[in-house]
Asker: 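Pasting in a structure now, in structure tokens, and then I'll have a few things to ask.
In what follows, every chain begins at residue 1, and chains take the letters A, B, ... in the order their sequences are listed. Only heavy atoms go into these numbers, but all of them, side chains included; no hydrogens, no water, no symmetry mates.
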Amino acid sequence: MVLPRCYLNPMKNRRIKIRDILKSTKPGTTVKAKGWVRTKRGNKNLNFIALNDGSTIHSIQIVVDVPEFEDNILQQITTGACISVNGTLVESMGKGQTVEIQAKEIKVYGTADPETYPLQKKGHSLEFLREIAHLRPRTNTFGAVLRVRHAMAFAIHKYFNDRGFCCLHTPIITGSDAEGAGNMFRVSTLDPECLPRTENGAVDYSRDFFGRETKLTVSGQLEGELAALALSEIYTFGPTFRAENSNTARHLAEFWMVEPEMAFYDLTDNMDLAEDFIKHLINHALTNCMDDLEFLNKMYDRDLVARMNSIVDNNFARLTYTEAVEILKKSGKDFEFPVNWGCDLQSEHETFLVETHFKKPVILTDYPRDIKAFYMKQNEGSKTVRAMDVLFPRIGEIIGGSQREENHEKLSARARELKIPEKDIWWYLETRKFGTAPHSGFGLGFERLILFVTGMSNIRDVIPFPRTPKNAEF
RNA sequence: UCCCCAGUAGCUCAGUCGGUAGAGCAGGUGGCUGUUAACCACCUUGUCCGUGGUUCGAGUCCGCGCUGGGGAGCCA
């Protein structure tokens with residue numbers, strides 16, 4: 001294996017990450033570890049410090065011979081303090097760990113007054129931790145969640161890169177509301193106390209920063225399609241904003257979405273990619289994040305790893321919306337909302353299909369045209385469109401996508417029917433006028449994926465700083 | 001936005017029939033020569049979410065508001 005060239009000075013006495021100390025450092029070696037104190041315990045001769053630097057769920061035990069250190073140094077070492085430790089890695093005399101650091105030198109970078117530091121050795125509720133989001137990355141739970149989140153972000157880029165997809169940065173600020181995926185946040189530099197008006201009294205957006213009304217994006221899809229019809233296969237991975245007053249464990253006002261868009265893919269190709277993609281990501285977590293998954297499995301979700309394995313090992317069920325409606329009607333189950341062809345499926349219906357009927361992920365296709373977006377490819381007869389939703393246990397819809405309407409006539413007719421002004425999407429329509437191609441794509445809710453691979457149950461606990469109605473602290 | 005539930009010590013929670021509040025943990029002090037959410041002893045800590053009402057008396061009952069949670073809708 002050719003190691004990448006390293007421009008750092010290897011001779012410098014640099015700290016070693018705790019993950020690397022635990023994984024590969026030999027006992028007898030002098031090491032320097034730096035991190036935050038989880039607990040300190042012991043007696044007047046001997047102290048044990050559990051030190052964690054976030055490189056792994058595991059802490060390393062620091063053994064301190066009390067008489068060799070000044071009292072005021074040891075007094076400063078309390079839960080939450082940040083320290084640097086020089087010492088010898090030794091095999092542990094106690095149970096519970098194989099190696100530990102016998103401290104020779106300790107430097108305190110930052111104390112944490114135990115009277116006021118909010119994190120204790122004992123467990124806290126997730127609700128409480130949300131109120132101290134600036135400190136919660138220091139807990140085992142959020143360390144694990146954030147490492148898994150990183151691993152998934154990395155795996156997404158790698159998956160697409162390995163398959164020749166181009167990462168496309170679509171705009172955050174947009175002038176169009178074309179996707180209709182929800183209410184949008186306004187972007188403006190106008191003074192709300194003193195808005196410029198036109199002659200008829202409307203707000204004069206021509207005086208605004210962009211010379212027109214602008215919002216935060218609800219999806220990068222439309223721009224993604226433009227690039228797919230040039231580069232063949234692209235994906236976006238960026239923040240998305242929905243100003244819905246949703247108050248659930250599955251919605252955020254600011255979330256991250258992955259949106260691949262592929263020329264020459266029909267709906268089946270689209271489904272094949274979605275299924276392979278999501279299985280690949282779950283498998284990546286299973287093979288790279290097992291320490292963290294074991295912790296989460298133990299503390300939050302006893303079925304987590306088993307459920308992840310079952311997703312990877314089984315094919316997703318694939319059926320049409322119409323077939324799903326039949327199954328629901330024949331189920332004999334007394335749903336709160338009755339099932340009728342043409343209505344959108346309710347949560348209880350999706351849950352029944354995934355968790356009771358099929359007992360595995362389900363891909364539903366060919367939804368009624370009237371409950372789906374204008375850009376989806378119309379089937380023969382026009383009653384349904386080539387849409388697909390991937391439904392997962394516990395979290396419901398994790399992916400929504402479709403084959404796109406590539407026919408210029410049909411697409412503009414549908415836009416007109418839904419009263420979408422052509423002036424807002426003329427550029428989108430032009431791709432169907434010049435060198436159009438069959439193409440497909442989907443959107444994966446990144447936080448919903450993280451919910452699934454961490455076993456967390458609230459989406460506010462899988463993003464570092466959640467944005468929800470009435471909450472934009474931190 | 002709608003329905004349901006909750007808000008009591010720094011944290012997690014108990015508080016019976018309406019009679020002015022308690023436990024565990026955390027924190028402090030002392031003890032302990034290998035601890036593992038260390039242990040043992042002692043000690044400290046309250047705007048009972050806010051507001052208005054009922055009552056001789058409200059943590060407890062009622063109205064309104066705020067915040068949080070669960071479910072629904074919107075969706076990823």
Asker: Side chain of E127(A), base of rU67(B): donor and acceptor closer than 3.5 Å?
Answerer: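 Such a pair does not exist between side chain and base.
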Asker: Just by distance, no angles: are the side chains of Q120(A) and T79(A) close enough, under 3.5 Å, to form a donor-acceptor pair?
Answerer: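 No.
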Asker: Would you say R250(A) reaches rG71(B)'s phosphate, i.e. side-chain N/O to OP1/OP2 under 4.0 Å?
Answerer: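 No, no such contact exists.
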Asker: Remember a base hit wins even if backbone is also touched, and classify K470(A) as base, sugar-phosphate or nothing at under 4.0 Å, heavy atoms.
Answerer: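 Contact class for K470(A): sugar-phosphate only.
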Asker: Is rC11(B) paired to anything, Watson-Crick or G-U wobble with both distances less than 3.5 Å, and if yes, which nucleotide?
Answerer: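 Because both required distances fall under 3.5 Å, rC11(B) counts as paired with rG24(B).
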Asker: If pairing requires Watson-Crick or G-U wobble contacts with both distances under 3.5 Å, which nucleotide is the partner of rA76(B)?
Answerer: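 rA76(B) is unpaired by these criteria.
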Asker: What about R41(A), does its side chain sit under 3.5 Å from the base of rC32(B) through a donor-acceptor pair?
Answerer: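 Checked by distance alone, the answer is no.
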Asker: Indicate, yes or no, whether a donor-acceptor pair under 3.5 Å links the base of rG34(B) to the side chain of E100(A).
Answerer: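 Yes, a donor-acceptor pair under 3.5 Å.
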Asker: Which nucleotide, rA76(B), rG73(B), rU12(B), lies nearest any side-chain atom of F128(A)?
Answerer: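 Nearest to the side-chain atoms of F128(A), counting from C-beta on, is rU12(B).
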Asker: Counting the atoms with a prime plus P, OP1 and OP2 as sugar-phosphate, which does I398(A) contact under 4.0 Å by heavy atoms, base, sugar-phosphate, or nothing?
Answerer: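 If one applies the 4.0 Å heavy-atom cut-off, I398(A) turns out to touch the sugar-phosphate alone, with no base involved.
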Asker: Given that both distances must come in under 3.5 Å, which nucleotide forms a Watson-Crick or G-U wobble pair with rA41(B)?
Answerer: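 rU29(B) - that is the nucleotide pairing with rA41(B), both distances being under 3.5 Å.
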Asker: Using the ring centroid of each side chain, check whether Y375(A) and Y428(A) are separated by less than 6.0 Å.
Answerer: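 No, the ring of Y375(A) stays outside the 6.0 Å limit from the ring of Y428(A), centre to centre.
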Asker: Ignoring the backbone of R242(A), work out which of rG28(B), rA76(B), rG34(B) is nearest its side chain.
Answerer: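 In terms of side-chain proximity for R242(A), the closest of rG28(B), rA76(B), rG34(B) is rA76(B).
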Asker: Rounding to an integer number of angstrom, what distance separates rU44(B) and rG52(B) when you compare their P atoms?
Answerer: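 Taking atom P in both rU44(B) and rG52(B), they lie 34 Å apart.
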Asker: Please verify the inter-ring angle class for F237(A) with W256(A); under 30° counts as parallel, over 60° as perpendicular, anything in between as tilted.
Answerer: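 Taking W256(A) first and then F237(A), their aromatic rings stand perpendicular (interplane angle over 60°).
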Asker: So, F48(A) and rG34(B): ring centres less than 5.5 Å apart, planes less than 30° off, yes or no?
Answerer: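 Stacking is absent between rG34(B) and F48(A), given that the ring centres and planes do not meet under 5.5 Å and under 30°.
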Asker: From the list rA72(B), rG28(B), rC25(B), which nucleotide is the closest neighbour of the side chain of Q120(A)?
Answerer: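 Ranking rA72(B), rG28(B), rC25(B) by closest atom to the Q120(A) side chain puts rC25(B) first.
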Asker: Does rU60(B) sit syn or anti, given that only angles within 90° of 0 count as syn?
Answerer: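 Anti conformation for rU60(B).
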Asker: Does rU35(B) have a Watson-Crick or wobble mate here (both distances under 3.5 Å), and if so which one?
Answerer: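 Per the H-bond distance test, none.
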Asker: Could you check whether the side chain of S246(A) and the base of rC75(B) have a donor-acceptor pair of N or O atoms closer than 3.5 Å, going by distance alone?
Answerer: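 A donor-acceptor contact between them is absent.
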Asker: Side chains of E225(A) and H439(A): do they bring a donor and an acceptor to under 3.5 Å?
Answerer: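 Yes, because at least one side-chain N or O of E225(A) sits under 3.5 Å from a partner of the opposite role on H439(A).
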Asker: When both hydrogen-bonding distances must be under 3.5 Å and the geometry is Watson-Crick or G-U wobble, what is rC2(B) paired with, if anything?
Answerer: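 Pairing partner: rG71(B).
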Asker: How is Q346(A) classified with respect to the nucleic acid when contacts are heavy atoms under 4.0 Å: base, sugar-phosphate, or nothing?
Answerer: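 Q346(A): backbone/sugar contact only, no base atoms under 4.0 Å.
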Asker: Kindly indicate whether the side chain of S92(A) and the base of rG34(B) share any N or O donor-acceptor pair separated by less than 3.5 Å?
Answerer: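 Looking at the base of rG34(B), it does pair with a donor or acceptor on the side chain of S92(A) (distance under 3.5 Å).
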Asker: Please state whether the base of rC75(B) and the side chain of H251(A) form at least one donor-acceptor pair under 3.5 Å?
Answerer: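 Pair found.
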Asker: Measure from the ring center of F337(A) to the ring center of H349(A) and say whether it is less than 6.0 Å.
Answerer: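 Judged by ring-centre distance (under 6.0 Å), F337(A) and H349(A) do not meet the cut-off.
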Asker: When the C1' atoms of rU67(B) and rC43(B) are considered, how many whole Å apart are they?
Answerer: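 These two C1' atoms come out 34 Å apart once rounded.
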Asker: Which is true for N47(A) with a 4.0 Å heavy-atom rule: it touches a base, it touches only sugar-phosphate, or it touches nothing?
Answerer: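 Nothing: the residue N47(A), judged by heavy atoms under 4.0 Å, touches no strand.
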